[in-house]
Asker: 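Sharing a structure below in structure tokens format, with a few things to ask.
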Amino acid sequence: MTTNRRAFLHGAAALSALAPGLSWAFDKDGNRKIMVFSGNQAVPVLDPHIRYDWSTRMMQQSVYDALLKYVGAPPKIVPWLAEKWEESADGLTYTFHLAGNAKFHNGDPVDAEAVRYSFERGLKLNAGIAWMLKDFLKPENIKVVDPKTVTFTLDKPFQPFIAYVPWWYIVNPKQVAANTVDNDYGKKWLTENEAGSGPFKLKRFDANALIHLDAVPDYWKGWPMGEQNRLSGVIYRIVREAAPRRAGLQRREMDVITNMSPDDMAQLAKLPGVRNEDHPGSTTFGIKFNCQSGPTADINLRKAIAYAFDYEALIAIHNGGARLMDSPFPPDMAGHIAVPDMPRKNLDKAKEYLAKSKVPNGDIELEYVHVQGLEDARRIGLVLLDSLRPLNIKVNIVGQPWTTMVARGAKPDTCPNMISVYVTPVATDPDTVAYQYHRDSWGLYYGMSHYENAEVWKMIGEARGMTDKDKRMALYGEIQKRIVADQPEVFGMIPNRTWSMRDYVKGFSFSPIWFTGEVDFYPMWIEA
Amino acid sequence: MVASRSVRLAAWHFRRSFASSLGLGLVAVIVLLALAGPWIVPYPDDVAGKVNLADKLLPPSKAHWFGTDEVGNDILTRVIVGARLSLLVGIGITLAAAAIGVPLGILAGTAGGKVREAIMRVTDLFLSVPGLVLAIALVAALGPGIVNAMIALVLVWWPGYVRLAESKALSIRGEPFIEAARVAGAPGLRILWRHVLPNSLSPIIVKMSMDIGQAILAVASLGFIGLGAKPPTPEWGAMISIARGYLPDWWWYAICPGAFIYASVLGFNLLGDGLRDILDPRSHRG
Amino acid sequence: MFAYLLRRFALAGLMLFGLICLTFVIANVAPSDPAVLAAGPDAGKAQIEQARREYGLDKPLPVQFLRYVGDLARGDFGRSIATGRPVGSDLARYFPATLELCIVAMTIGLVVGISLGMLSALFKDQWLDHLTRIFAVSGIALPPFWFGLLLQLGFAVWLGWLPTSGRIGVSTDPGDPITGMLLVDALLRGDGALFWQGLSYIVLPALVLSLPCLASILRVNRSEMVEALRADYITSARAHGVSRWRLVTVHALKNAMIPTLAIIGLRWGWMMSSTVLVETVFDWPGIGLYAVSSAIAGDFKPVMGVTLIVGLNFMLVNLVVDLLYGVLDPRLRDA
């Protein structure tokens, strides 16, 4: 597509001619560079205890620090504000020792009280991240031992605890207190302001257009690229459509872009001076069956559909940039095993299962619901429709708003026959995914299959509290096999995470635990 | 014969005006495609949602005149078959809107008083609502799908007919022949049916022929926003909506469906213009 | 005059209330559960219930309605459940962008519509006249979303003369808003470069938005002027040596003013409504895009807010147009 490229470059020239004297206002700050990152998703609320999604957390991770931090692939938990931690033998008490030299952006030290206060705030606001810990941790059981030591005592053993800690960012209690109105824990103020200690501080916040961060020169943990290469700051530019993002990268107005379609990525790869980052992700795509009522309550029909589905098409839709699921768990999850006999397209087997089902001749119509506007989910619906034609099963593809889909999926009798769902595990602990198949998850978006198997439920419950690591992982292996045998969903694929960037962007790192599109700005810099 | 003379007059009118004959021609082509669509297209399987990813996003060629889409379907095929849906929906919305609006309008215009006041205030309310925004909200609430899109559009469409029918009825009410009929003791309903309706028919027909085009456009607009027909049903607006994600590299995807929307709306508008010249020559153009 | 005004205002108020009822009904026919959106992606049941209480979604519908009306009376449009942000402040941010787009589009419609109307009246039944007629019909028949895409392809991608979409360059700092209308702000600051840049971004969407309106203005002006050129007083004026050009520009234009005004009133609300499509195509950060993205997410408070704002705007413009009628044509005042 050389013509297009030329046109775009030509366009850049014409534009600057049209706007004389237009300077790259954000580009430079003395000799330091500002990196411009662009994605499609706004950051409506910056408060780390209220909300998270990929764009929001990317900003939170930049302006806040947590006790621990996830890095790398496979994801590792490394010390951050806490330089070390201990777990008591009974698995109930965790003690964190703070590094001690960390400072909030206003100069206050990050002490044990700030940690205690931040966890209390997260639990009491009961939004965003609260679900991770609130069943196991009471605010009053977080104790400040001395300014550098804090202990957490859980109500019952909960092995995933450490895996969730990196998402609990520490806010400055004094700044929050100063900006609290009507006992709101500073909720209103923190929506568009920050009170953190992270490598960047907030310069400008415009929820739907751009967020400008300034690097903190004397960041307490230092800068990995060295002070002379450190960025002046980062701008996150929200651009909803893909085409202008692409044009922006081509014109060097943007340095890194994300949320591009696989077809766009293929075109971008051909451009000089542009580098694509393409990494196996951890977001699973599955088509959940209603296991409680309707035709899909019949396991033989579920198996028939799973064997009729064209899995290769999932890969083709992503131009090869996806992996098929070989287990309910994504491959990077601790305890993941490749389950043998994972269904793959096999029409004979599909017909065998169909013959055993209550609808041996097919002749039914099933509803497939996806989130309105999700193009990939719609295309996969078409693949499903085409795959089930040989079984004489019709598919009614319905796009609905998230709210409607989840409301319908909340009860077995209103739940559609099939729902397509993307799930991104927020922690590396296998419980994060396993618990989605527990009775307690019925009615939540990841539990819309209303999967029922009392034995598996019991195993999931036991595994959460097991302190013997090897036994625990063995149990998770068994859980994965049992779930696959019951086929509560068509286990689909895990799309790759992709970014496109100018080749002078350095220090990019990837971790599958981050969400789609999310990057860590801290180690990134621009080579002169 | 009076009838044949008026037909000949109409024919003369249309021949004389290039615009009117263009309109008639376009509408005829669209109707023909809608009727014959599934039998004349090159790839009839592509309509029902056949997936052929090996052939996705091919540029225009001899085999695929307008290229293929993101699942490897022939774009021309889907556009031609889409004509039937668009035409049916356009006609359906217009008929339903007229069926609601015209009786209400005639009632308002002839009854007067409180009845008229009530009907016209509700009409004004709906007219003051931004039609497309209301339709989008409605479809988003009811759930996407062609039937819901039609319901939403009928709901924002009928007030126009009330306005038109009411003004016609008002102007006819004072005519001597109505007075005569009333004096002669004809019941109200009969007067409505025999005298008022036939005399307001011409502008209503003109409006309907123009509205079919606008309704096709409105359904396509909802489809473009993602609230139209469900896949794999071929719908022009929805096709453009998907095609938009493939610009600029796969630009041909958007061309064909858009051209068909344009042609059919243009056709019905020109036809309506032509009809007005024949049926309602006194009305003001503008 | 005063009684007339009072009646108009009372009616507008009544309609506004009707509009509120209508939007409320629409927002609540959906079988959806807004609380799950409010509570966030991985929320548990307790969190969803808390969100439900926080947003008052646990109350019976009549109570929710009264609350909504009460909040509106205080100028509070409620909160978006998807983002938790107040709809009122979002509207305040987006509305100026839409207003700016509509004003520019209406200006294009008026200037181009009137001049083309004049030209085609002067050259009646010549090729220019035929051309503008086809243009006028096309203006109504062209799907704005498709035409917008074609313009983007042509002027932005292939020719490279104008930017594809958005309101301002990605690397330009628009500064803090004064009026929120970028072009006006740029002029107020005396920032010529920013003004030109803003203009280059607004041209294509405004052009697409203006077309239907332009077409109606063109047709009305043409027919008024054709009429005027035929009229007796014009014939006599011509006998007195007044030039054709002067006739059209001065005398006929005056006659065309009332119908043109009527079209502005009629088309203004329509234009605001079609920003939904144009803003979607051009990624223009106005209330149309806001309404569409919220509606698709099942987040109805913003949609209700936009419907109310656009409806209110439509009523206000019609009120002003009616009053102007009164000024221009005193006979209408008592009607």
Side-chain angles (χ1 to χ4, degrees), chain A residues 3-4 7-15 18-27 36 38 42 44-45 50-53 126-128 130-132 134-135 191 207-209 237 239-241 243-244 247-248 253-254 372-373 400-408 410 414 426 443-446, chain C residues 30-48 50-51 54 80-85 90 93-94 152 156-174 192-194 196-197 199-200 281-283 285 289-290 293 295-299:
Chain A
T3 49
N4 283 326
F8 265 118
L9 294 175
H10 185 54
L15 184 69
L18 209 135
L22 173 73
S23 64
W24 307 122
F26 290 143
D27 221 16
V36 180
S38 182
V45 176
I50 291 295
R51 183 190 175 93
Y52 64 87
D53 51 44
N126 194 23
W131 64 270
M132 300 175 185
K134 77 177 171 52
D135 294 338
T191 300
N208 292 294
R237 201 50 221 222
V239 177
R240 283 177 187 79
E241 291 303 314
E253 292 171 356
M254 295 169 181
Q372 201 161 287
Q400 280 182 323
W402 173 258
T403 47
T404 311
M405 190 173 110
V406 179
R408 290 186 63 196
T414 53
V426 293
L444 294 171
Y445 84 94
Y446 42 72
Chain C
S32 76
D33 185 1
V36 299
L37 194 61
D42 297 304
K45 279 167 197 150
Q47 245 171 295
I48 294 176
Q50 176 176 331
E54 200 182 319
S80 150
I81 48 164
T83 63
R85 299 171 62 83
D90 279 350
R93 191 193 295 264
Y94 297 131
Q152 283 180 339
V157 179
W158 289 332
L159 290 174
W161 292 350
L162 294 166
T164 329
S165 60
R167 196 181 180 200
I168 193 168
V170 285
S171 50
T172 309
D173 183 352
L194 185 66
W196 281 110
Q197 201 195 15
L199 211 56
S200 74
V281 172
F282 286 94
D283 203 14
L289 188 61
Y290 182 53
S293 46
I296 286 179
D299 184 3

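Reminder, nothing fancy here: chain letters follow the sequence lines and each chain counts from 1. Both backbone and side-chain heavy atoms feed into the values below; hydrogens, waters and symmetry mates do not. Note that the coordinates shown come from a computational prediction; the quantities given were computed from them, not determined experimentally.
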Asker: Tell me, side chain or backbone of A/Arg240 under 4.5 Å from chain C's heavy atoms, or both, or neither?
Answerer: both
Asker: Under 4.5 Å heavy-atom distance to chain A, tell me which part of C/Arg93 shows up: side chain, backbone, both or neither.
Answerer: side chain
Asker: So, for C/Asp283 and A/Glu241, which heavy atoms are closest and what is the spacing to 0.1 Å?
Answerer: OD2-N, 3.6 Å
Asker: Are the side chains of A/Met405 and A/Thr403 in touch, meaning some heavy atoms are under 4.5 Å apart?
Answerer: no
Asker: Let me know if C/Ala51 has heavy atoms under 4.5 Å from chain A in its side chain, its backbone, both or neither.
Answerer: neither
Asker: Please classify the contact of C/Leu194 with chain A as side chain, backbone, both or neither, using a heavy-atom distance under 4.5 Å.
Answerer: neither
Asker: Using atom types as modelled and distance alone, determine if a side-chain donor or acceptor of C/Ser80 lies under 3.5 Å from a backbone N or O of C/Arg85.
Answerer: no
Asker: Using heavy-atom distances under 4.5 Å, tell me whether C/Glu54 contacts chain A through its side chain, its backbone, both, or neither.
Answerer: side chain
Asker: Please find the pair of heavy atoms, one from A/Met254 and one from A/Pro244, that lie closest to each other, and give the distance.
Answerer: CE-O, 4.3 Å
Asker: Which heavy-atom pair separates A/Val239 from A/Ser38 by the least distance, and what is that distance?
Answerer: CG2-OG, 3.6 Å
Asker: Quick check on C/Gln47 against chain A: is it the side chain, the backbone, both or neither that has a heavy atom closer than 4.5 Å?
Answerer: both
